[in-house]
Novice: 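Here's a structure for you.
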Amino acid sequence: MVTPSELFRYAIHKFRHLLRGNGGTEELEINRMSLPRKLLLEAAMIMVAVVYVVPFYWMVLKATRISILANFPPDLNPFSRTSFNNFINNFHQVWSFGNFPTWYFNSILVSSVVVTTSVMVGAMAGYAFARLKFRGRNILFYVVLGTLMIPFPVILIASYVFMVDIGWINSYQGLILPQIASAVNVFLMRQYFLTIPSEIEDAAKIDGLRPWQIFYRISAPLAKPAFAASAIYTFIGSWNNFLWPLLEAQTVNYWTLPLALNFFKGANGTQIYWNQMMMADILALIPTFIIYMIFERYFIQGISLTGTKG
Amino acid sequence: MGVCVSNLVVQYGTTRAVDNVSFEVRDGEFLVILGPSGCGKTTILRCIAGLVEPTSGEITIDGRVVNGIYPSERNIAMVFQNYALYPHMTVHDNIALNMKMKKIPKPEIEKRVKDVALKLQISELLQKKPRQLSGGQAQRVGLARAMVRDPAAFLMDEPLSNLDAKLRNEMRDEMKRFQKITGRSIVYVTHDQIEAMTLGDRILVLNHGKAIQIDEPRKLFDEPNHLFVAGFLGNPPMNIMPCDVRLTGAGRYDMKFGSNRVKVEIKDSMTPSASTSMGFRPTDVIISDDGPFRASLDYVELLGTEMNAHFRIGEGRFIARLLRDSITEKLFQTKSGTDVSFGVRANRIFIFDSLSGHRYNALLDSADA
Ligand SMILES: Nc1ncnc2c1ncn2[C@@H]1O[C@H](COP(=O)(O)OP(=O)(O)O)[C@@H](O)[C@H]1O
Ligand SMILES: [Mg+2]
């Protein structure tokens, strides 16, 4: 049988092929497989691809319709002349209806600040837990780990009340700060720093680097894959975060894109305008897509590092 | 001058990794610290380097007490077993980093890097990354990084033990050359006695964190002053036979192992009831019909021009490393269990206290079976 891990590696292989026109140089099992096995794998891949692609196709298709009513017979081609005109039309409607530039700005600002600070804090805290000796280190570490066990909804109300009390509702700091503390990042970084032989840091001490210099000149550069992984996960989490901005951003000016999408769901009373909503979806996806294209290599590295792969 | 360690103690929780060790490394001397794994060798080295804070004791480098001084300020350089090169830097930058940190002008850095690279034959590797190097090349870079600092002393922690046997032999010669061209003191840690014997001007034998004996290699082998040293050095190591002791006169004792008896005069005091052992090297056994001792032959191993004959005396066992000649050749035909007469070369029998390991200052009077 084709195993999930083969499937995963083959998918990545195919995907790279698509993006760069080459499949990388690494030797894959697929190259050494028998023909029936290859065909089986190919069939499985096509099925997986269909499962992933159909929703995207449907999104684009819906964004090229005029109304919510279904035509008969249905026009399934999103690339026809009329489809294109409808698409432009929907775009104008959606764009003028909401305040997309602000929402883009908010989402990008919040996510980028959250990613940089959360990763930096995670790296420094993780490094301290991995390398520095201080009183209460283990207890503190278990406390940090313990916060992993608490689902966010449990502290949601408390966090909200806290924000109300300190007057941070409808503010960027209120959107950003609670997202920075990430036990996952601390843990991921600590584990990675532990895999770096400590003799390298000893050598650096003898070479005249002070602890802080050892961190930023030696250890941090060596932990690049861990930085990439935690940056990616933090970005995904923050970009898609819905629950916290929903409570925190109570005016349109502080909305992020997920809230905007929610807005399209209920913008016209009980009627859901799927075409407009799907259009908004596409707009919200564009930055993610660009970021993915740029950092594709790190996404794959990050996923492999955290062991999500099969 | 050199390095001086006095009354060094390192305590980790309940383990005493280093137990009151004192020694001195003279200027330009190659001192080897030898001992089994886990005996505290690395810890001593790391104390000298300033990577471990001693529980107590004083460390002097070049006449200056360095306790509490940051590693880079101690005027030492260290070479690691796993090379510990900076993986993200080129060989050149690995070697140059310590000079960059000292803000030495760039042209001077370039000159010195070139210079050591030439001396250690790694000029072609300067632009490579550590992962592109073989083990031997990586350790050369490790040596270069240490050498470029021109420190008062080099500290080396099993620098050759990650290399394969053939390369290890080559690099051993390299280490000797390294001492010559640098002319500095070297503290070299190893668990390999061949390395210790061939490289060391002197060897410090360590066991369970305690300094057992410090001496020239020859002296250490010929006159071990402790049971541990006797049983650690040599391949196979010294035979140790438990003995029964009886006081026969002032300072005179009868020692029995099996049916064999040795009369000895012991200059320092001995309690007759104390458990005592007799030791002799496998190479000091002589098979001869008029030898004073008897043992039953167990089996014989052929090594080529030499052989190992395994004997039993009661519960005890020992090995004789013999050259093959007309007499010893007969052992191949001798049945297992047969009694064989043998002797031990004059003055090559040592008497130890089995508990403390202390060697008695003993003089052999006579021996018989
Ligand atoms: N950082 C440490 N914490 C606790 N115990 C240690 C530490 N470093 C070394 N030890 C212990 O000290 C003893 C000596 O270790 P080490 O100096 O590394 O021995 P060697 O280098 O001779 O193999 C060992 O029992 C080891 O387990
Ligand atoms: Mg060691």
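Chain letters run A, B, ... following the sequence lines, proteins first, then strands; residues in each count from 1.
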Novice: Could you check whether any side-chain N or O of B:Gln137 sits under 3.5 Å from a backbone N or O of B:Ser134, counting only pairs where one atom can act as donor and the other as acceptor?
Specialist: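 Yes; at least one donor-acceptor contact below 3.5 Å.
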
Novice: Kindly state whether the ring of B:Phe178 and the ring of B:Phe154 have centres lying under 6.0 angstrom apart.
Specialist: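 Ring-ring flag for B:Phe178/B:Phe154: true, centres closer than 6.0 Å.
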
Novice: Please determine, by modelled atom types, if A:Glu201 and A:Ser219 share a side-chain donor-acceptor pair under 3.5 angstrom.
Specialist: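 Side chains of A:Glu201 and A:Ser219: pair found under 3.5 Å.
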
Novice: Quick check on B:Ile76 against chain A: is it the side chain, the backbone, both or neither that has a heavy atom closer than 4.5 Å?
Specialist: both

Novice: With a 4.5 angstrom heavy-atom cut-off, is it the side chain or the backbone of B:Met89 that approaches chain A, or both, or neither?
Specialist: side chain

Novice: Please classify the contact between A:Gln213 and chain B as side chain, backbone, both or neither, with a heavy-atom cut-off of under 4.5 Å.
Specialist: side chain

Novice: Heavy-atom cut-off 4.5 Å, strictly under: side chain, backbone, both or neither for B:Ala77 against chain A?
Specialist: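 Just the backbone, heavy atoms under 4.5 Å.
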
Novice: At a heavy-atom separation under 4.5 Å, does A:Ile206 approach chain B through its side chain, its backbone, both, or neither?
Specialist: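 Both backbone and side chain of A:Ile206 come within 4.5 Å of chain B.
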
Novice: Could you tell me which of B:Pro71, B:Gly50, B:Ala49 has the largest number of non-hydrogen atom pairs under 4.5 Å with chain A?
Specialist: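 Highest number of pairs under 4.5 Å: B:Pro71.
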
Novice: Less than 4.5 Å to any heavy atom of chain A: does that hold for the side chain of B:Arg149, its backbone, both, or neither?
Specialist: side chain

Novice: Taking NZ, NE, NH1 and NH2 as the nitrogens, is one of them in B:Asp150 or B:Arg184 under 4.0 Å from a carboxylate oxygen of the other?
Specialist: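 A salt bridge is present here (some side-chain N lies under 4.0 Å from a carboxylate O).
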
Novice: Need one label for B:Glu73: side chain, backbone, both or neither, based on atoms under 4.5 Å from any heavy atom in chain A.
Specialist: side chain

Novice: Is the ring pair A:Phe215/A:Phe193 parallel, tilted or perpendicular, if the boundaries are 30 and 60 degrees?
Specialist: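 Correct class here is tilted.
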
Novice: Should the pair B:Asp19-B:Arg16 be classified as a salt bridge under the 4.0 Å nitrogen-to-oxygen rule?
Specialist: yes

